[in-house]
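So the structure is just underneath, and the comments pick up after that.
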Amino acid sequence: MNSIDPLFHIIKILPFSFLRVPRMRLRFPSSITLPSSMTVYALVLLTYFLVVSGFVYDVIVEPPGIGSTQDRFTGAYKPVVFLPGRVNGQYIIEGLSSGFMFVLGGMGIVLMDLGLDRHRAKSVKISFATAGIASVFIAYVMSMLFIRIKIPGYLG
C-alpha cells in the first residue's frame, strides 16, 4: 500500500523495528470439517434474504407486522401490507415479501444456469430452464407491482 502520509509509514514500520512475529506452527483441527457447498450456498442465500428484506431495519425500528387504514365510506378498518408513500419505511410483511421476490428471482437465475448443463437429460434441462424463466418473470412482475403499490404514480 503506497501512501504519502508519513504517519502511516511510521505506524507501519516502527513497531516491526523492535518486535518480531513469532514462528508458530498452527494446525487445522482434524475434528473440524469444511461445510458442504450446498450448506454454504444455503447460508449465503439466507443471509441475502435477511439483508434485502430489511431484517436489520425491522430489528432496530420495530415496525408493526401490518398496518391498517380506515375506509372513508364504511368506517371499517382494512389491513394494509405496504406502507404507502414512504420509500424509507416498511412493515415487516412488506419487507419479507419483497425479500422473497428477490430470492425467487435469484433462484430463477440459478435454475436457468442449471438448464445449460450439458450432462443432464434434455427434459430436465427444459424443466430447469422453464422453471427459471417463470421464477424470474414472476419475481420481476411482483416486484414492479410492489413498487407501484408503494409509490402510487411511479413508472406509469
Side-chain angles (χ1 to χ4, degrees), residues 1-5 7-8 11-12 26-156:
M1 202 183 254
N2 295 331
S3 175
I4 321 175
D5 188 14
L7 185 63
F8 177 74
I11 291 173
K12 182 178 163 187
L26 297 176
R27 294 184 193 156
F28 196 71
S30 61
S31 62
I32 298 176
T33 60
L34 292 176
S36 69
S37 59
M38 284 309 292
T39 303
V40 173
Y41 178 71
L43 288 175
V44 168
L45 195 64
L46 177 68
T47 304
Y48 176 71
F49 172 73
L50 291 176
V51 168
V52 298
S53 66
F55 181 73
V56 175
Y57 173 83
D58 291 341
V59 168
I60 293 173
V61 177
E62 296 179 3
I66 59 171
S68 63
T69 184
Q70 189 173 13
D71 191 0
R72 291 183 298 178
F73 302 111
T74 63
Y77 285 95
K78 298 187 304 185
V80 176
V81 176
F82 291 92
L83 186 60
R86 286 193 53 205
V87 180
N88 58 349
Q90 71 179 18
Y91 294 127
I92 293 174
I93 298 298
E94 174 185 354
L96 293 176
S97 58
S98 297
F100 176 74
M101 287 302 138
F102 291 143
V103 169
L104 181 67
M107 291 299 295
I109 292 172
V110 170
L111 287 172
M112 286 191 291
D113 181 57
L114 288 174
L116 294 174
D117 190 9
R118 295 179 186 209
H119 303 293
R120 297 188 193 273
K122 186 174 182 179
S123 62
V124 174
K125 291 184 347 183
I126 291 172
S127 299
F128 277 148
T130 305
I133 291 169
S135 297
V136 169
F137 179 75
I138 291 170
Y140 175 76
V141 169
M142 292 303 292
S143 295
M144 294 307 290
L145 178 67
F146 291 170
I147 288 175
R148 287 191 182 115
I149 292 171
K150 182 86 171 159
I151 309 168
Y154 182 70
L155 295 175

In terms of heavy-atom contacts, Y154 and I147 come closest through CD2-CG2, 3.3 Å
Distance col, row R86:CZ vs I151:CD1, nearest 0.5 angstrom, shows 12.5 Å
To the nearest 0.5 Å, atom CZ of F49 lies from atom CG of L104 at 11.5 Å
Note: T74 and D71 closest approach over all heavy atoms is OG1-OD2, 3.1 Å
Scanning both residues in full, the closest heavy-atom pair of P35 with V40 reads CG-CG2, 3.8 Å
Interatomic distance, CD1@I92 vs CD@E62, rounded to 0.5 Å, equals 8.5 Å
Taken to the nearest 0.5 Å, the spacing of L96 CG from Y91 OH works out to 15.0 Å
Take a 6.0 Å sphere around OH of Y77 and say whether it holds more than 12 heavy atoms from other residues, nucleotides or ligands.
no
Between S53 and L50 the two heavy atoms that sit nearest each other are OG-O, 3.3 Å
Q. CZ of F55: more than 12 outside heavy atoms within 6.0 angstrom?
A. no
Donor-acceptor pair, distance only, cut-off 3.5 Å: does the side chain of K78 make one with the backbone of S68?
no
Query raised in the report: Are any non-hydrogen side-chain atoms of D58 and P63 less than 4.5 angstrom apart?
Result: yes
*Are the side chains of M101 and S143 in touch, meaning some heavy atoms are under 4.5 Å apart?*
yes
Of all heavy-atom pairs linking G132 and L111, the shortest is CA-CB, 3.7 Å
One should read off an interatomic distance between M107 CE and L114 CG, to the nearest 0.5 angstrom, of 8.5 Å
| message | Is there a side-chain contact (heavy atoms from CB on, under 4.5 Å) between F128 and D117? Walk through the geometry before answering. | response | CA-CA 10 Å; F128 277 148; D117 190 9; over 6 Å; no
Rounding to 0.5 Å, atoms CD1 (I66) and CD1 (I93) come to a distance of 7.5 Å
Ring pair (Phe, Tyr, Trp, His ring centres under 6.0 Å) filter on F146, not counting sequence neighbours, yields F82
Minimal heavy-atom distance between Q90 and L83, with the atoms involved, is N-CD2, 3.8 Å
